[in-house]
Amino acid sequence: MPRTLLFIALLSIVVTAAHARGGHKGKHGRHLNPQNVTYDGKSLFINGRREMLFSGSIHYPRSTPDMWPIILDNARRGGLNVIQTYVFWNAHEPQPGQFNFEGNYDLVKFIKLVQASGMFVTLRVGPFIQAEWNHGGLPYWLREVPGIIFRSDNEPYKQHMQAFVTKIVQMMKDEKLFAPQGGPIILAQIENEYNHIQLAYEEKGDSYVQWAANLAVAFDVGVPWVMCKQRDAPDPVINACNGRHCGDTFSGPNKPYKPAIWTENWTAQYRVNGDPPSQRSAEDIAFSVARFFSKSGNLVNYYMYHGGTNFGRTSSAFTTTRYYDEAPLDEFGLRREPKWSHLRDVHKALLFCRRAIHGGVPTVEKLNEFHEIRIFERPGSNICAAFITNNHTTLDATVNFRGINYFLPAHSISVLPDCKTVVYNTRSIVSQHNARNYERSAIANNFQWEMFNEAIPTIKKMDLYQRLPAELYSLLKDTTDYAWYTTSFELTQEDLPIKPGVLPVLRIMSLGHSMVAFVNGDLIGTAHGTHEEKSFEFERPVQFRVGTNYISILASTVGLPDSGAYMEHRYAGPKSITILALNTGTLDITDNTWGHRVGLKGEGLKVFDAEGSLRAKWKPLGPIPRPLTWYRTRFATPEGTGPVAIRMTGMGKGLIWVNGKSIGRHWMSFLSPLGTPTQSEYHIPRSFLNPQDNLLVIFEEDITAPGQVEILNVNRDTICSFIAENDPANVESWASRGGNFSPIVAVVGPEASLVCTPGKRIVAVEFASFGNPSGYCGGFVLGTCNSAATKQIVEQACLGKETCTVAVNRAVFNQNGLDPCPEILAKTLAVQVRCS
């Protein structure tokens, strides 16, 4: 028996179904009751059938349980048949042996909802996950285990890692969630992108990889294990690719009997505070997906499909509270168009090619440096699919294939499921666009603010004293962002400069991340590092006094590090403190004896929840704001049932709570190179709100007041179409039945298709032009050519309807048969409507 077939046979025995039971129907009508998962060099087999798998990362802690069914339904409707999630160790085991699987940490509930939605699961157990999550998912307490070295062949680390992974695997087995038990989990992942740091540990890194793989396989869960970005993944673990273009950058499986799996196709770029906006176009993602499958890829996973929110203090160092908002489903779970629908359409186009890809013989016609045709064809049958590629980044092309000329825009792939008909081009978006609207709530903004100020401590009555400033991570133990450092020292008149305008300078060298400095109770200034360089230098001139002077530093972290080697040896906080330009020279007060206090007084009182709020002495807003102030108000629950956000205009840096639940850190004062905050709006989940009245509490570090803060309703009710005469028809125009591929509409051609969310109708046509309009959804502008009848035609077709279509046909738009600009060979229809 050939080696590949022997391996499959042996693995099939291992993953034989434990027992059978009724399954859930997926999007494509088959029962998703996997029971048997194996693989060869071409694909995964599920119940003996080759599958083409479209997956999306959705992290359960980054949304709320009431959002999960809606998000998962949108994922399924977007053509996904697999959901991928990490397991978040520090969320589940915040203290050794103390576990939390409640609320948005209810892993089992989430996986069961995925199955109920008709999709499979890839469970990335890790337990190191990175994921721009606090400490990469590792609990802080691991740092304090004697002799520990993270992610190495180190006995203390392996002991704790094995214990947690064992607990998670056993929990999945107990709930019958692995495929052989009738559950949805068809793949599992151990470790995460270890090749990045493996060399740093030398032979201890190599042996750790082998140990981790052996640990995973020994659980005998009956599904394949993967390691992403792990070229040397030991058998039978599958090595997988992460990146933007794995169709071209992936060196491939490390053994010929393993399939090509893409665990992370990045749909955008996560943002850190100080970043400008980042985008990745729907066209580029679609190109990468078509390219991967045209080169015999088997599973693609979008990282992220829904990013969500880093609630509380869960983001990693300097990462924003909003996570992967540019994903196909935005932070609020709304469809980001055209990304959502353009990817939905590529999935359908590829499914038309499934029989050919899985059963045909692959060949490649390399036409030149930029153009090629990849063909899957079964000799003696009508099974044939072709992918025509124009890999030139700027020039369009016409490619002849089997006697027919095909036009391809630059950097695009046309998909031909029958080797004749173009059903999809990755560059030609023929699906819907939309724009997100933030609308001020009519009832939620009648604020009556009160404030409570943090006292600035001196050296007296602190909780901990030691000669040198304590290292910040070890001091905080990830229980809060904040710690006070205080000291005092004496100066005589002879120490101080005599000349007018000359002042001593306070210099603080910090390992990060941020600080607010006071001298004798007065604010001297603030400073912070960046994601790339956590450490920073603070220097300010100071009016010291004769006698005793007090220095008080509020140092803070903005999340723990989430990547790199030797994470247990990262440090933060003040490192050296000196006073320059004294008459007697530089005064080093680093070893002057420092008092320390962990946390803020308001945190200790829990002033952010209803009960704790009563313990503080609140007072009306004063005319002059002070630093380190808590602000409190109540607000009415916004109208409607859609997403809610708070816009933090005018604020600086701190945290936000609604009804005692932290919605995350805000940092409006850290501006991007464009002069704007990286994030201005912060998600308030509807489940955090009471039926009518709500408590809002903000802790603010800077000297500012919440006069411009506002509560917003969020929607994507502005929907658009932008489609040209020479674009292909939507992929929904065809069907494949019994191996026969044919159109299912009377006229196959491009058309503008607009669909409101359920329960809403088109109430206004805000823009309509047939000619050469330009712009984007929410910002279209007329060109030099426009058919005057366009808006009337669109209004007649669309007003009052939940959905409408308008054919892109110049005969429809040319009044009296007259073409106002015949010199334009391919005209474009741009439509923008409002749903309500």
* Asked: Sub-3.5 Å donor-acceptor pair from the side chain of E766 to the main-chain atoms of R834, do we have one?
  -> no
* Hey, does the side chain of T426 reach the backbone of I413 with a donor-acceptor pair shorter than 3.5 angstrom? -> yes
* **Steps toward ring pair (Phe, Tyr, Trp, His ring centres under 6.0 Å) verdict (Y424, H342)** => CA-CA 10 Å; Y424 183 87; H342 195 50; 5.0 Å; yes
* Check the pair S836 / D717 against side chain to side chain donor-acceptor pair (under 3.5 Å), numbers first and verdict last. => CA-CA 7 Å; S836 184; D717 288 342; 5.8 Å; no
* **Spatial distance of atom CZ (R336) from atom OG1 (T267) [nearest 0.5 Å]** => 9.5 Å
* Does the pair R344/E337 count as a salt bridge with the N-to-O cut at 4.0 Å? -> no
* Are the side chain of S441 and the backbone of N713 linked by a donor-acceptor contact shorter than 3.5 Å? -> no
* Indicate the ring-plane relationship of F741 and W734, choosing parallel, tilted or perpendicular according to the 30° and 60° boundaries. => parallel
* Structure fact -> C720 meets the disulfide bond (SG atoms under 2.5 Å apart) criterion, sequence neighbours left out, with C777
* To do: Nearest 0.5 Å please: distance from the OH atom of Y305 over to the CG atom of L343.
  => 7.0 Å
* To do: Could you give me the CA-CA distance, side-chain angles and deciding distance for R427 and S412, then say whether side chain to side chain donor-acceptor pair (under 3.5 Å) is met?
  => CA-CA 5 Å; R427 188 69 179 268; S412 75; over 6 Å; no
* Under the 3.5 angstrom rule, does the side chain of H371 hit a backbone N or O of I388 as a donor-acceptor pair? -> no
* For residues F401 and L367, determine if any side-chain heavy atom of one lies less than 4.5 Å from a side-chain heavy atom of the other. => no
* Report the C-alpha distance between N730 and S753 in whole Å, list the side-chain angles of each, state the deciding distance to 0.1 Å, and finish with yes or no for side chain to side chain donor-acceptor pair (under 3.5 Å). => CA-CA 9 Å; N730 190 278; S753 180; over 6 Å; no
* Asked: Donor-acceptor pair, N390 side chain versus P409 backbone, under 3.5 Å?
  -> yes
* Asked: What's the shortest heavy-atom distance between M304 and H306, and which atoms?
  -> CE-O, 3.2 Å
* To do: Indicate yes or no: does D73 engage R76 in a salt bridge with an N to O separation below 4.0 Å.
  => yes
* **Pair R647 + E710: basic N to acidic O under 4.0 Å** => yes
* side-chain contact (heavy atoms from CB on, under 4.5 Å) against D727, all qualifying residues, sequence neighbours excluded -> S428, V430, I723, A724, P750
* Full working for side-chain contact (heavy atoms from CB on, under 4.5 Å) between F54 and V346 -> CA-CA 10 Å; F54 307 110; V346 76; over 6 Å; no
* Distance-minimising heavy-atom pair for E681 and A645 -> CB-CB, 4.3 Å
* Asked: Minimum heavy-atom separation for P773 to A830, with atom names?
  -> CG-CB, 3.6 Å
* **Donor-acceptor under 3.5 Å (H59 side chain, R62 main chain)** => no
* Can you tell me how far OH of Y324 sits from OH of Y302, rounded to the nearest 0.5 angstrom? -> 14.5 Å
* Verify side chain to side chain donor-acceptor pair (under 3.5 Å) between N434 and R335, making sure each step is shown before the conclusion. => CA-CA 8 Å; N434 66 24; R335 297 175 183 178; over 6 Å; no
* Would you check if the side chain of T389 reaches a backbone N or O of N391 as a donor-acceptor pair within less than 3.5 Å? => no
* To do: Assess whether ring pair (Phe, Tyr, Trp, His ring centres under 6.0 Å) is satisfied between F287 and H411, documenting all intermediate values.
  => CA-CA 8 Å; F287 179 95; H411 189 58; 3.9 Å; yes
* Asked: About how many Å separate NE2 of H433 and CD1 of I719, when rounded to the nearest 0.5 Å?
  -> 11.5 Å
* **Pairing of R686 and D66 as salt bridge, 4.0 angstrom limit** => no
* Identify the heavy atoms of P638 and L689 that sit nearest to each other, and give their distance. => CD-CD1, 3.9 Å
* Carboxylate-amine/guanidinium proximity below 4.0 Å for R402 and E377 -> yes
* Any idea how F770 and F813 line up, ring-wise: parallel (<30°), tilted (30 to 60°), or perpendicular (>60°)? -> parallel
* List the steps, then state whether side-chain contact (heavy atoms from CB on, under 4.5 Å) holds for T320 with Y682. => CA-CA 10 Å; T320 57; Y682 295 80; over 6 Å; no
* Interatomic distance, L754 atom CG to C798 atom SG [nearest 0.5 angstrom] -> 5.5 Å
* Look only at the side chain of W266 and the backbone of A268, and say whether a donor-acceptor pair between them is shorter than 3.5 Å. => no
* To do: In sequence, state the C-alpha distance, the side-chain angles, and the governing distance for Y776 and F722, and then conclude on side-chain contact (heavy atoms from CB on, under 4.5 Å).
  => CA-CA 8 Å; Y776 54 90; F722 189 82; over 6 Å; no
* **Contact summary for L334 and R716, nearest pair of heavy atoms** => CB-CD, 3.8 Å
* Any ion pair linking E326 and R280 (charged N to carboxylate O, less than 4.0 Å)? -> no
* Minimum heavy-atom distance N301-S55, with the two atoms named -> OD1-OG, 2.6 Å
* Quick check: does any side chain N or O of Q679 sit under 3.5 Å from a backbone N or O of R322, one acting as donor and the other as acceptor? -> yes
* **Within 6.0 Å of OH in Y438, more than 12 heavy atoms from elsewhere** => yes
* **F767 CZ to T790 OG1 distance, which is reported to the nearest 0.5 Å** => 9.0 Å
* Mind running side-chain contact (heavy atoms from CB on, under 4.5 Å) on L416 and Y406 for me, showing each step along the way? => CA-CA 11 Å; L416 290 67; Y406 295 91; 3.6 Å; yes
* Asked: Where the side chain of K42 meets the backbone of H358, is there a donor-acceptor pair that is under 3.5 Å apart?
  -> yes
* Just wondering, do H245 and R291 contact through their side chains at under 4.5 Å, heavy atoms? -> no
